[in-house]
Amino acid sequence: MSRAPGPGTPVVSGPLAYLWWLTSSQWPRVLLGAFWGTVYMVSLMVPPYLMSRAIDDGLVARDLPVLVGWSATLFAMGLFTSYCGIMRHRTMTKVRMDASFRTIRVVVRHCAALGNTLRGKVTSGEVVTVGATDVTQIAQALTVTGPGVGAAIAYIVLAVILFQVSWLLAVIVGVGVPALAVLMLPLLRRLGDAEAVYRERQGSLTGLSGDIVSGLRVLAGTGGGAIFARRYHAGSASLRAEGYRVGVVSSWIHALGTGVPALYLAGVVWLTARMAATGQISVGDLVSVYGYIAALTIPVAFFLEAGYDITRAIVAGRRVIAVLSLPQALTDDGTTEPEPETDLHDPASGVTVRHGELTVLAADRDSDVDALMDRLGRLTDSDATWGSVPLQDIPLSTVRASILVADNDGHIFPGTIGDALAAPGREAAPDAQRTAFDRERITAALETAVATDIVDALPLGLDSPLPDRATTLSGGQRQRLRLARALLVDAEMLLLNDPTSAVDARTEADIAARLRLHRAGRTTLVVSTSPLWLDRADRVAYLRADRLAATGVHRDLLVDDRDYRALVTRDIDPDPAPEPKPDAEPPVSGEGSDR
């Protein structure tokens, strides 16, 4: 199956430049839309002429064959105009959809490149609003490339036709429509200012609502639900007031955009009638001018609508450009390949993850762990090294393919369980299409994560659907699926951040034992203060106040380091040294329930 072409490199120097990039990125389709829009608009000017000929040459002259001929031509022209309108609409729908999805693709691509640094630069509500609102407004503005071009050409054609009837009418029409556009400019500026404020508050409120929903259980448990509800209510009231302001300006634009052209065209019709009454033009010319003026309402409406759409698109374009202009925290200019079978080292903390070993990290502060994992996984630039080579000197693609940082709260997207387990960039095949090798790998990962019961309990197995965040599963089940997903990636270095915090002790013991066997000979780091993990480790690293305080075997550290003993045993009085444990290992059988 051929892969769809990429969206290209957007121009982010300004909103108009971005709109031009969207237009030039699909110029053949835009030209086709302009062609159909022009033919459609110009064809609207033909029926009045045909009607005037039917009246003057057939009806007034009482020539029935001529009247029938012009009437048949008028009917055929109506069919042709309808066909052109259909083709124009189809083409412009494709133009708008291309612009929408192209914007979404470049925004998603840039957000993915930013990685975990995105949260510190832009709110989730801002990104959601870009995808839900801004892309639609930007795409709508591209209508000017089709019907807008057609309206301009039809306007010129009409001016030339009217000049053949009366130079005075041609001058009035030629000057009047630009005057209407100038009349609307102050309102369009006010609309742009109001839209900008509304759009900013909308993004903030969307972000707040997302935070409330994601933390609803915590808020309810701590009694903070009412506080955040009041905050959302106040923000919603402010947004509503700003929406009223936008609505006031929009209503004036739509009212004047409909009423003023109607009054203007009524004046032109009155002048034409006076000219016919004084004999300056014929009755057929009078009817044709009426038809021209009626047809002119469509181009005029497109002119005013285009100004409205472009104003809103400029506001939306600024917000999209603000996201696309966010600088990436990581550079990908490394050219040095890492040394094979070497350790991963973080000079900032002193922690070393030895090659081929299971290292368990116990830390007294979660924030230190998060920062350490970011450095070791090169989610942020640091002095961390792979062997003797700095991580930032290694190509980012090599780092991503070799080092996997798996959080215990990694997002599970909607889809099937097979999709949730699929490696990044790979779509899970239906169960009937999976090879024996794939099934073996999936089975091994599920067994290691003690997650086979999750799949077996569902009627469709791996093809069973999951909602967003897998909310139909318990916390422990989601955590085990995340672990299985990480194991399926089969990374050279696997960094697991507290992978069993939501499961019971029996299941945790089984996972620790099975993971050691599954990852034998490969580099694995597990962050945990559970003795079930620490006792399985080849090496334990104790992190205190973001610095390596001790390293060694779990049982030795229990005896030698009172702070480590207090952290691991949750002992209030760390003075007594516990007796060493016997050499028996926890059983590997059985699958306990989640905590």
Q: Side-chain contact test, heavy atoms from C-beta onward, threshold under 4.5 Å: evaluate it for Ser528 versus Leu534 and give yes or no.
A: no
Q: Flag the pair Thr416 / Leu462 as yes when at least one side-chain heavy-atom distance between them is below 4.5 Å, and no otherwise.
A: no
Q. Are the side chain of Arg400 and the backbone N or O of Gly377 linked by a donor-acceptor pair below 3.5 Å?
A. yes
Q.
Taking the side chain as everything from C-beta on, heavy atoms only, tell me whether Trp533 gets closer than 4.5 Å to Val527.
A. no
(Q) Between Thr507 and Arg480, does the side-chain contact (heavy atoms from CB on, under 4.5 Å) criterion hold? Intermediate values first, please. (A) CA-CA 10 Å; Thr507 303; Arg480 286 183 280 157; 4.1 Å; yes
Q.
Quick check on Asp366: does its CG atom have over 12 non-hydrogen neighbours (other residues, nucleotides or ligands) under 6.0 Å away?
A. no
Q. Which atom pair, heavy atoms only, marks the closest approach of Leu532 to Ala509?
A. CD1-N, 4.0 Å
Q.
Looking at Leu488, is its backbone amide N or carbonyl O close enough to the side chain of Arg441 to form a donor-acceptor pair, meaning the two atoms are under 3.5 Å apart?
A. yes
Q: Report yes or no: do Ser367 and Asp370 form a side-chain donor-acceptor pair below 3.5 Å?
A: no
(Q) For His89, is the NE2 atom crowded, meaning more than 12 foreign heavy atoms sit under 6.0 Å from it? (A) no
**Q.** Glu357 backbone acceptor or donor facing Arg539 side chain under 3.5 Å
**A.** no
Q) Quick one: ring-ring contact (aromatic ring centres under 6.0 Å, His included) partners of Phe101, sequence neighbours excluded? A) none
Q.
Measuring only between side-chain heavy atoms, which start at C-beta, is Ile86 closer than 4.5 Å to Arg90?
A. yes
Q) So do Arg365 and Leu543 actually touch side chain to side chain, heavy atoms under 4.5 Å? A) no
Q: Report the C-alpha separation of Asp407 and Arg482 in whole Å, then their side-chain angles, then the decisive distance to 0.1 Å, and conclude whether the salt bridge (Lys or Arg N to Asp or Glu O under 4.0 Å) test is met.
A: CA-CA 8 Å; Asp407 292 326; Arg482 293 188 188 101; over 6 Å; no
Q: Answer whether the closest heavy-atom distance between the side chains of Leu372 and Arg375 falls below 4.5 Å.
A: yes
Q.
Between Leu466 and Leu481, is the side-chain contact (heavy atoms from CB on, under 4.5 Å) condition met? List the steps.
A. CA-CA 12 Å; Leu466 288 177; Leu481 278 184; 4.3 Å; yes
Q | Short side-chain donor-acceptor distance under 3.5 Å, Arg354 and Thr359 | A | no
Q | Arg519/Leu358 under side-chain contact (heavy atoms from CB on, under 4.5 Å): CA gap, chis, key distance, verdict | A | CA-CA 8 Å; Arg519 296 281 303 174; Leu358 171 60; over 6 Å; no
Q | Thr352 side chain to His345 side chain, donor-acceptor N/O pair below 3.5 angstrom | A | yes
Q. Would you call Leu487 and Leu515 a side-chain contact if the rule is heavy atoms closer than 4.5 Å?
A. yes
Q. Donor-acceptor pair, Ser402 side chain versus Val399 backbone, under 3.5 Å?
A. no
Q | Short side-chain to backbone donor-acceptor contact, Arg522 and Glu492, under 3.5 Å | A | no
Q) So, Asp343 side chain and Gly387 main chain: donor-acceptor pair closer than 3.5 Å or not? A) no
Q: Considering only NZ, NE, NH1 and NH2 on the basic side and carboxylate oxygens on the acidic side, decide whether Asp134 and Arg319 come within less than 4.0 Å.
A: no
Q.
Leu558 vs Thr569, test: side-chain contact (heavy atoms from CB on, under 4.5 Å). Steps then yes/no.
A. CA-CA 9 Å; Leu558 281 177; Thr569 62; 4.2 Å; yes
**Q.** Trp21 side chain to Thr9 backbone, donor-acceptor under 3.5 Å
**A.** yes
Q) Is any side-chain N of the basic residue among Asp368 and Arg544 closer than 4.0 Å to the acidic one's carboxylate O? A) no
(Q) For Ile454, is there any backbone N or O sitting under 3.5 Å from a side-chain donor or acceptor partner on Gln477? (A) no
Q: Could you tell me which residues satisfy salt bridge (Lys or Arg N to Asp or Glu O under 4.0 Å) with Asp309, sequence neighbours excluded, listed by chain and number?
A: none
Q: Using atom types as modelled and distance alone, determine if a side-chain donor or acceptor of Thr443 lies under 3.5 Å from a backbone N or O of Glu440.
A: no
Q. Are side-chain heavy atoms of Val95 and Gln26 found at a separation under 4.5 Å?
A. yes
Q: Ignoring hydrogens and angles, tell me if any N or O in the side chain of Asp346 forms a donor-acceptor pair with the backbone of Ala384 under 3.5 Å.
A: no
Q | Taking every non-hydrogen atom, the tightest pair across Val405 and Met373 | A | CG2-O, 3.9 Å
